There are 2 protein chains.
Amino acid sequence: MDPVARRNDVVDALFRVVLRDGLQRASLRAVADEAGLNIGSLRHYFANQQELMSFAMQAMLDRVSDRLLRRVDEMGDVSALTREQRRSLTAGLLSELLPLDETRRAEVAVFIDFVAAARTHPAIDAELARRSAVGTRALVRRILVRMEDTGALRPGLDADVETERLSSLLDGLSLNTVLHPEVLSPEKCVRVLQAHLDDLTG
Amino acid sequence: MDPVARRNDVVDALFRVVLRDGLQRASLRAVADEAGLNIGSLRHYFANQQELMSFAMQAMLDRVSDRLLRRVDEMGDVSALTREQRRSLTAGLLSELLPLDETRRAEVAVFIDFVAAARTHPAIDAELARRSAVGTRALVRRILVRMEDTGALRPGLDADVETERLSSLLDGLSLNTVLHPEVLSPEKCVRVLQAHLDDLTG
DNA sequence: TTCTATTTATCACGGCTGTGATAAATAGAA
DNA sequence: TTCTATTTATCACAGCCGTGATAAATAGAA
């Protein structure tokens, strides 16, 4: 059996447990049960809890990152597009970070548990959580710079401030869509993002 | 001994534990130790874990709510103020929700653990978390409406969308300031909020 | 003082936790 | 087939958990 595939199976099981019962209940035994493995087998692939958690969090970040890169690849040559088309692509790219379907909703739910736990839980790598925040801001900043280069950005904006404003808005929208779906629906989530991008365009 | 004061002492101890070690480690024994009580004493004031958690979360919401109301009271007659003064008051009021000092930082840190756990943890009242989200939006909406009434709001804005945009921005800013202080400082947090309010003014 | 209600303090139980140690089963190469 | 390395499966241990039950101490009123 391919050990890489096995580890991914375990990570999938972990995500299901966290989504359903919360990170609190994601014990080694619970994850092993969910994966249909004996705890001994699980421990053969992950020496201890810390290793499993770090691997799982890294795997989640990789998945999101891969999806984003695939989006960028599919975009192709941007210079040949109209301003309207470019705006749509930008919105689509950032939407990749929002919990708009069940897959991304699960990801964000698990992610919230992870970053919240990273503040205090010894087995969860706080550095990984920090890197994801930095990564989001790097992406958002690149998008804003590109908008500015193509003249799509309203003049007189502070790049630092606008990067943080859009990044934190995305985080807040994700948080509320997942934790309070009856307060913030995915559709409204998109409308808010759209409104913000329109505002930046001026 | 005043039972009300005792319960508040316990809640304070709970907050300290959650801030330092996370909600995960806030067991009845740990909270009792932090409060300098025997677990038996603690259980005399709180029959079980669920009762303690609900009471603590309610207490936290009350504290924030009280601070907001006090702010509103101190504002007095708004109509006598200049536009600039009113803008400053608005920013100050909303800043009450941001983790700008150690007190509010602790509150937000505890709050994050609570709302995240509310999604799955049986002992934590999810309805309370929902109400706090609804409450924030009611406050933000009232502020936006008041701005519109005094002509301080840029025309052509969708109230629903702007309410959610500002609310989620506040949530995102709070989240990142607490979880990634090296990425988002309290000072930058304020600057971002200020920029957003300026944007709404037009 | 005596009685009563409040408050504080222990003990015990079953259950779950991560993990060390070790045995059993399986698969693949020689 | 035989040997070896991988994979799977158990057992045990110390530690923490919430909670039920009950005893001890304290305070305040009669």
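Computed from a prediction, not measured in an experiment: that's the story for all the values here.
- Ionic pairing of B:Glu162 and B:Arg141 is not present here: no N-O contact between side-chain nitrogen and carboxylate oxygen is shorter than 4.0 angstrom.
- We find that CG of B:Leu37 is positioned 16 Å from P of D:dT26, with the value rounded to whole Å.
- D:dT8 atom P lies 15 Å from atom CG of A:Asp33, rounded to whole Å.
- In this entry C:dA5 has D:dT26 as its Watson-Crick or G-U wobble partner, both defining distances falling under 3.5 Å.
- For D:dA9, one of the phosphate oxygens OP1 or OP2 lies less than 4.0 angstrom from a side-chain nitrogen or oxygen of A:Ser41.
- Remark: C:dT10 base-pairs with D:dA21; criterion is Watson-Crick or G-U wobble with both hydrogen-bond distances under 3.5 Å.
- Listed pair B:Tyr45 / C:dT6 fails the phosphate criterion, with no side-chain N or O lying under 4.0 Å from OP1 or OP2.
- Of the inter-residue distances, the one linking A:Arg83 atom CZ with A:Thr150 atom OG1 reads 6.0 Å to the nearest 0.5 angstrom.
- B:Arg25 CZ: 12 or fewer foreign heavy atoms inside a 6.0 Å radius.
- Put simply, CD on A:Gln49 is 14 Å from C1' on D:dC16, counting in whole angstrom units.
- The side chain of A:Arg29 sits closest to C:dT19 out of C:dT19, D:dG18, C:dT7.
- When heavy atoms are screened at a 4.0 angstrom cut-off, A:Ile39 is found touching base atoms of the nucleic acid.
- Using Watson-Crick or G-U wobble geometry with both donor-acceptor distances under 3.5 Å, D:dG15 finds its partner in C:dC16.
- Across the protein-nucleic acid pair, B:Arg6 atom CZ and D:dA27 atom P stand 12 Å apart, rounded to whole Å.
- For B:Arg43, whose side chain is taken as the heavy atoms from C-beta onward, the closest listed nucleotide among C:dT19, D:dG20, C:dT17 is D:dG20.
- Distance from the side chain of B:His44 is smallest for C:dT8 among the nucleotides C:dA12, C:dT8, D:dT7.
- Between the P atom of C:dT19 and the CG atom of A:Asn38 lies a distance of 16 Å, rounded to the nearest Å.
- Here the C1' atom of nucleotide C:dT8 and the CG atom of B:Asp9 are 16 Å apart, to the nearest Å.
- For A:Leu23 and C:dT17, the CG to P distance is 13 Å, given to the nearest whole Å.
- With C:dT8, C:dT17, D:dG18 as the choices, the nucleotide that has an atom nearest any side-chain atom of B:Ser27 turns out to be D:dG18.
- Atom CZ of residue A:Arg142 and atom CG of residue A:Leu93 lie 9.5 Å apart, to the nearest 0.5 angstrom.
- For the pair B:Gln24 CD and C:dC16 P, the interatomic distance rounds to 16 Å; values are reported in whole Å.
- The shortest heavy-atom contact between B:Phe46 and B:Leu52 is CD2-CA, 3.7 Å.
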